[in-house]
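In what follows, a structure is listed as structure tokens, so that the remarks can point back to it.
Side chains included, hydrogens not; waters and symmetry mates left out as well; all remaining heavy atoms used.
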Amino acid sequence: MWTEAELKRLARRRAWVLFPSVIVSSAVMLVVIAWIGSIRVPFLAAAKSRMGDTAGEIALLLLMSSSILFFLAGLVWADYRSRRFAVRCPRCDADLSISVTKLIATTRCWHCQTKVVEDRRPHSLDVYRRGLRISQRRWLVYWFWIWPVLGAAESLYAFLDPRATVDFQPILILPGLIGTSAAGWAFVRTRDHRYLHALIASALMLGLGVTLFFWYS
């Protein structure tokens, strides 16, 4: 069993691995996007001359979408590196690092109910969830809504002034692409259904961005 202090120390060390990796992978993704933007015109011209107009536009779209792989690769690598600080149930071997706060509050594995935290007055899982909903900042839960809102604003601008978006067509897919990846990753990792709304909205904005990309090509 762990003490509360030990769990908090492991959580801090895990965070020091995750957060810098996310920042670096995001920066690399933006650099790749900027590089793709700089070669967009010659790449599109070469692709259209070899594969045709539609296939050339699809090739550019796939090249632009590949930038998100750098972001996802950083998340996977950070998750792999942080496993050495993971908290696992001694009975069922479940990963309890996803929510150390919940583990400290309930003192038990939420998969097999084995007590894993010592010297701590336990609370039920329902009590913890009620307290979490009260104390958790709304901006933290709904932060992923930034991307679909940004995507909707870009799409509206494209409708109002199509000529101004001709040189920035790949940008139309970025908010939906980033929002879908980030909200999807958060949902897969936490299984928190509150992320589903932002995930669905980002996916819709991604589909709209792809449609506008081909519409104005």
Side-chain angles (χ1 to χ4, degrees), residues 13-51 53 55-85 139-140 142-158 161-190 195 198-199 201-217:
R13 298 184 70 178
R14 183 179 173 89
W16 275 108
V17 173
L18 289 173
F19 292 157
S21 300
V22 171
I23 293 173
V24 171
S25 60
S26 299
V28 172
M29 180 188 68
L30 293 176
V31 170
V32 172
I33 290 173
W35 175 74
I36 294 174
S38 67
I39 66 169
R40 171 184 172 272
V41 175
F43 176 85
L44 186 59
K48 285 185 176 181
S49 65
R50 293 185 179 183
M51 299 181 291
D53 291 348
E57 291 166 359
I58 292 176
L60 177 61
L61 183 62
L62 292 176
L63 180 63
M64 201 71 184
S65 301
S66 66
S67 61
I68 201 67
L69 296 177
F70 291 89
F71 178 71
L72 295 177
L75 292 181
V76 173
W77 180 73
D79 183 66
Y80 174 77
R81 284 197 61 202
S82 65
R83 288 179 184 176
R84 55 182 169 170
F85 305 121
W139 65 266
L140 184 62
Y142 297 110
W143 179 84
F144 292 117
W145 281 100
I146 293 175
W147 300 110
V149 169
L150 182 59
E154 285 188 351
S155 299
L156 179 61
Y157 182 72
D161 192 358
R163 290 178 296 179
T165 61
V166 171
D167 295 331
F168 302 97
Q169 293 169 355
I171 304 299
L172 294 172
I173 70 172
L174 286 182
L177 185 64
I178 296 174
T180 301
S181 303
W185 176 269
F187 174 72
V188 169
R189 290 292 297 159
T190 64
Y195 294 126
L199 175 59
S202 294
L204 291 175
M205 287 301 102
L206 176 59
L208 180 59
V210 172
T211 301
L212 292 176
F213 175 86
F214 286 106
W215 183 269
Y216 293 122
S217 296

Problem set entry | From CA spacing to verdict: side-chain contact (heavy atoms from CB on, under 4.5 Å), F71, I68 | CA-CA 5 Å; F71 178 71; I68 201 67; 4.3 Å; yes
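At least one side-chain heavy atom of S21 sits less than 4.5 Å from a side-chain heavy atom of W77. Side-chain contact between V22 and S26 is present, with at least one heavy-atom pair separated by less than 4.5 Å.
In F187, the CZ atom is crowded: over 12 heavy atoms of neighbouring residues, nucleotides or ligands sit closer than 6.0 Å.
Across A183 and A198, no two heavy atoms sit closer than the pair CB-C, 4.4 Å. When every heavy atom of T180 is checked against every heavy atom of L199, the shortest pair comes out as O-CD1, 3.4 Å. A59 and M51 make their closest contact through CB-CE, 3.7 Å (heavy atoms, listed as atom of the first residue, atom of the second, distance). Residues S202 and P148 share a closest heavy-atom pair of OG-CD, 3.3 Å.
A distance of 9.0 Å separates OG1 in T211 from CG in L206, rounded to the nearest 0.5 Å. Remark: R83 CZ to R14 CZ distance equals 8.5 Å, nearest 0.5 Å. Here CD1 of I58 is found 13.5 Å from CG of L63. Values are rounded to the nearest 0.5 Å.
Tested against F70 for a side-chain contact (heavy atoms from CB on, under 4.5 Å), the candidates L30, V24, V28 yield a single pass: V28.
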